[in-house]
Amino acid sequence: MRVAQVIIDVKVAKLDNEYTYEIPSSLASLVQVGMRVEVPFNRRTLMGFVVDICEIDPAGIGYKILPITNVLDVAPVLNDELLAVADFIADNYYSYKISALQAMLPSVMKGAYSKVFVPNDLASPLERECYSGEELFKQGKADVEYVLNVKNKIKTEQRVKVLASGEIVTKKDYGLSAQRLKTQVKHGVIELVEVEVKRDVLGISGLEKSRKLELNDEQQAAFDAVTTDDVYLLEGITGSGKTEVFLHLIEKTLNEGRNVILLVPEISLTPQMLNRVTSRFGSLVATLHSALNPNERYDEWRRIKEGDARVVVGARSAVFAPLENIGLIIIDEEHEGSYAQDNAPSYHAREVAKFRAEHHRAPVILASATPSLESRARAQKGVYKHLTLTKRANPNAILPKVEIIDMAEELRTGNFSIFSSQLKEEIATTLESKNQAVLMINRRGYANFIMCRSCSYVPECPNCAVSLTYHASDNAMHCHYCGHREQRPQTCPSCGGNKISEFGVGTQKAVTELQKQFPDARILRIDADTTSRKGSLKKMLDEFGAGKHDIIVGTQIVAKGLDFPNVTLVGVVNADTTLNLPDYRASEKTFELLTQVAGRAGRADKLGTVVIQTYNPKHYAVDLVRNHDYNEFYQKEMRYRKMGKYSPFYYGIRIEIVDKNEDKALKKAYEITNRLKRQLAQSAIILGPVEAPVKKINNKFYYHINVKYRDEALIKAAIREIKDEIEDINIEKLA
Ligand code: ADP
Ligand code: ZN
């Protein structure tokens with residue numbers, strides 16, 4: 001009997017296995033490894049992935065083997081390599097196999113399927129998806145097939161098929177009026193056919209080609225060094241021309257006939273990078289990221305799968321691009337937290353990239369001005385090859401001057417404004433000289449929170465353990481975790497007094513204050529609220545680049561990737577927000593963010609100035625930004641990590657327990673902690689349980705247990721067991 005091994009779509013540990021199903025003869029020619037099928041399971045019909053096909057003797061099996069009922073794909077959606085990646089993820093990140101498989105497909109493919117009638121003279125499976133004709137079926141000219149419900153997913157256009165030659169041309173090229181087309185159809189000269197056209201997601205058709213720059217000596221040396229299938233850490237200061245090195249390496253790889261994946265932290269936040277790649281490689285580029293609508297994503301996915309696109313630029317999940325013959329994987333800003341997925345499967349794109357690159361024998365480039373401590377430590381030990389760029393690429397650009405302002409001192413001198421006198425002066429100078437400024441405030445909305453000055457009451461979200469953020473635009477308080485929104489109270493709900501007011505600064509308030517100080521300045525606000533519409537960030541940045549605004553006031557979004565020659569001032573309104581996070585990486589994140597945002601100033605011919613406001617001027621994560629001294633920071637931070645037994649000296653796993661009932665959550669957390677302490681006393685340090693930094697989100701309670709270890713092999717079985725036995729826990733690897 002011919003059977004398929006199928007992983008079914010049930011996220012329950014006990015059912016996360018391969019199940020055997022018969023391939024009935026009616027489907028024999030269709031079913032292939034890597035396709036999705038429908039199978040009966042416990043009187044339900046479930047979707048599943050075929051991961052293997054083989055012959056077995058049913059006589060030797062003690063149970064009845066049921067047949068596959070439907071095939072859901074016209075061609076395999078996952079090849080052998082990607083199936084191996086799924087195994088790697090399930091095994092390494094303690095996730096379900098089905099979750100790992102599903103993480104690799106564009107969301108649209110998790111959708112519905114429908115019966116279509118496919119004319120049997122159509123050759124390509126993709127062409128077939130455009131058709132549906134019950135009439136043809138009745139005439140015996142069509143077969144039944146089950147395919148993804150393609151309505152809206154595939155864009156089609158009517159074209160002219162010249163019957164004499166079989167040639168298909170656009171109506172425009174054919175050049176006849178609608179009336180005369182009709183006549184020709186009637187006379188059997190032509191036929192009107194629907195053909196698939198892919199959406200121009202990247203706007204490639206309207207893009208100007210950009211010129212290749214000649215590499216400087218440092219860039220050339222880095223380029224030349226990439227010769228083997230190793231992992232390289234390209235550490236280059238901001239503006240040192242890392243991107244140009246990527247572009248040269250991509251070109252070289254394409255010329256060798258191999259393909260490229262370029263990962264960026266969040267594509268909607270870094271439109272400039274995508275522009276630079278597309279303007280160099282045009283229609284060879286495809287992009288995969290969450291800002292695309294499902295249809296666009298599906299089109300891009302298929303352009304890659306069909307081999308039309310050979311350079312994939314995308315965020316985290318683009319590491320699963322169905323690209324074959326990979327010759328290079330680049331991870332830009334490799335230190336970014338967004339490369340780690342925080343819900344299951346909680347994989348890290350860097351590790352998946354390394355796994356895929358090994359399969360293809362391709363080099364991996366990890367690039368950053370402020371590498372993660374883990375990557376830098378590996379480079380130091382020679383596990384990665386270390387490449388450095390120490391100078392700005394533009395020969396006239398030098399690193400900006402960085403000033404650190406002690407805000408406590410400002411208060412002492414009677415300045416209660418959110419802007420120090422120094423920052424105000426610098427803004428005035430920038431405006432006078434017709435240059436541009438970027439100000440970063442790490443909080444969207446108007447104010448951090450609202451508090452009653454009489455009784456200290458702070459309104460909190462009813463669903464989450466966080467205070468609400470005040471937004472001036474709708475005079476309401478918002479929860480940034482669950483979206484809850486309520487009116488701002490006029491009197492204190494607790495003591496009834498009227499001394500309730502805003503505290504802290506958000507982007508909205510900063511804009512208001514700034515506008516008061518500089519009435520003529522043209523200010524642009526960039527945060528999650530103003531950039532929620534697709535393409536809006538790109539539009540804003542284009543306007544800023546064209547000189548339509550003088551100042552950007554933005555959240556962390558503005559720290560990344562901006563490259564504008566007229567930006568001479570960068571201001572950080574409060575450097576302490578990341579420093580105070582309850583995370584062992586708080587210092588690293590702070591240094592990174594400040595260095596990155598500082599790097600936005602003085603990138604071309606003009607000298608840049610950076611003003612950082614803080615209540616912790618002596619903290620090394622702030623102070624070392626002054627000299628852009630990553631190396632010194634690295635040395636210092638490594639000493640702390642070693643003392644605290646943190647990554648990269650120890651690996652970490654966080655087990656998160658979730659429950660609607662707080663007592664149950666806590667009880668479960670203690671059970672797991674005690675069990676791990678018993679089992680892993682020799683091989684790991686078990687810490688906790690502790691409340692999660694935000695203990696309650698959306699009426700669910702969260703507790704954490706931290707496991708620190710040096711050898712994963714020693715703890716893997718115990719962790720896996722817990723994952724398999726206990727529901728409602730999330731396992732996340734740290735670093
Ligand atoms: P990074 O990615 O390291 O921050 P970029 O690649 O954005 O740096 O380069 C910074 C600026 O220097 C860009 O405006 C870029 O066009 C320019 N640049 C890069 N390489 C060269 C080069 N070899 N010659 C001249 N200008 C360059
Ligand atoms: Zn909430």
Side-chain angles (χ1 to χ4, degrees), residues 210-224 233-251 262-265 270-277 279-280 313 330-336 365-371 387-400 445 449 458-469 471 476-486 541 545 559-567 592 595-606 608 628 630 692 694-702:
S210 78
R211 229 168 18 89
K212 186 169 155 184
L213 299 177
E214 197 167 324
L215 298 181
N216 65 32
D217 291 350
E218 275 192 333
Q219 287 173 315
Q220 188 66 43
F223 174 86
D224 290 338
L233 174 64
L234 176 59
E235 183 181 331
I237 62 166
T238 54
S240 58
K242 295 184 287 296
T243 310
E244 194 60 38
V245 175
F246 302 163
L247 297 174
H248 281 246
L249 286 168
I250 293 171
E251 184 182 42
L262 166 59
L263 299 183
V264 294
T270 48
Q272 284 192 320
M273 170 64 94
L274 190 56
N275 259 354
R276 282 169 77 177
V277 181
S279 63
R280 198 70 59 92
V313 184
I330 301 168
I331 304 188
D332 191 26
E333 310 292 0
E334 69 91 30
H335 60 274
E336 278 283 337
I365 314 282
L366 308 175
S368 176
T370 52
L387 313 172
T388 48
L389 300 178
T390 60
K391 294 191 293 282
R392 285 206 151 169
N394 183 322
N396 300 321
I398 53 169
L399 283 169
F449 56 91
V458 176
E460 286 195 359
C461 175
N463 312 317
C464 311
V466 293
S467 54
L468 294 167
T469 303
H471 286 235
M477 304 184 298
H478 297 216
C479 172
H480 288 179
Y481 283 84
C482 74
H484 170 85
R485 191 185 289 203
E486 62 184 71
L541 293 180
K560 294 165 195 169
L562 304 191
D563 186 19
F564 295 111
N566 286 328
V567 172
E592 234 164 61
T595 304
Q596 295 286 349
V597 72
R600 305 306 119 211
R603 291 173 72 86
D605 303 344
K606 298 173 183 171
H628 311 272
Y630 175 82
V694 181
K695 177 175 143 186
K696 184 172 89 167
I697 300 175
N698 247 332
N699 292 312
K700 285 185 178 172
F701 293 87
Y702 291 80

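When a ligand or atom number is given, it counts from 1 through the structure's own listing order.
For residue His484, no N/O/S atom approaches the Zn ion (ligand 2) to within less than 2.8 Å. At least one N, O or S atom of Cys482, from either the backbone or the side chain, sits less than 2.8 Å from the Zn ion (ligand 2).
Remark: ligand 1 atoms within the under-4.0 Å shell around heavy atoms of Glu214 are 22 (C), 23 (N), 24 (N). The distance from ligand 1 to the heavy atoms of Ala393 drops below 4.0 Å at these ligand atoms: 12 (O), 18 (N), 19 (C), 20 (N), 21 (C), 27 (C). For ligand 1, the atoms closer than 4.0 angstrom to any heavy atom of Asn216 are 23 (N).
With hydrogens and angles ignored, the 3.5 Å screen pairs a side-chain donor or acceptor of His248 with a backbone N or O of Leu213. With hydrogens and angles disregarded, no donor-acceptor distance shorter than 3.5 Å links the side chain of Arg280 to the backbone of Ile250. Not a single donor-acceptor pair under 3.5 Å links the side chain of Asn698 to the backbone N or O of Lys700. In this structure, Glu218 contributes its side chain and Thr390 its backbone to a donor-acceptor pair below 3.5 Å. Between the side chain of Gln219 and the backbone N or O of Gly241, at least one donor-acceptor pair lies under 3.5 Å. Arg392 contributes no side-chain N or O that, together with a main-chain N or O of Gly239, makes up a donor-acceptor pair within less than 3.5 Å.
For the residues Asp563, Thr238, Leu215, the heavy atom positioned nearest atom 11 (C) of ligand 1 is part of Asp563. When the options Glu333, Arg276, Gln596 are ranked by their closest heavy atom to atom 6 (O) of ligand 1, first place goes to Arg276.
Distances between N or O atoms of Gly241 and those of ligand 1 include at least one value under 3.5 Å. Among the atoms of Gly239, some N or O lies under 3.5 angstrom from an N or O of ligand 1.
Taking NE2 of His478 as the start and NE2 of His484 as the end, the distance is 10.0 Å to the nearest 0.5 Å.
Residues Glu334 and Ile365 are not in side-chain contact: their nearest non-hydrogen atoms beyond the backbone lie 4.5 Å or more apart.
When each of Lys242, His335, Glu592 is paired with Ser368, the side-chain hydrogen bond (donor to acceptor under 3.5 Å, both in side chains) condition holds for His335 and for no other.
For atom 2 (O) of ligand 1, the closest heavy atom belonging to the protein is Thr243 OG1, 2.8 Å. The closest protein non-hydrogen atom to atom 20 (N) of ligand 1 is Gln219 NE2, 3.0 Å. Ranking protein heavy atoms by distance to atom 16 (O) of ligand 1, first place goes to Leu213 CD1, 3.8 Å.
Here the angle centred on the Zn ion (ligand 2), running from SG of Cys461 over to SG of Cys479, is 110°, rounded to 10°.
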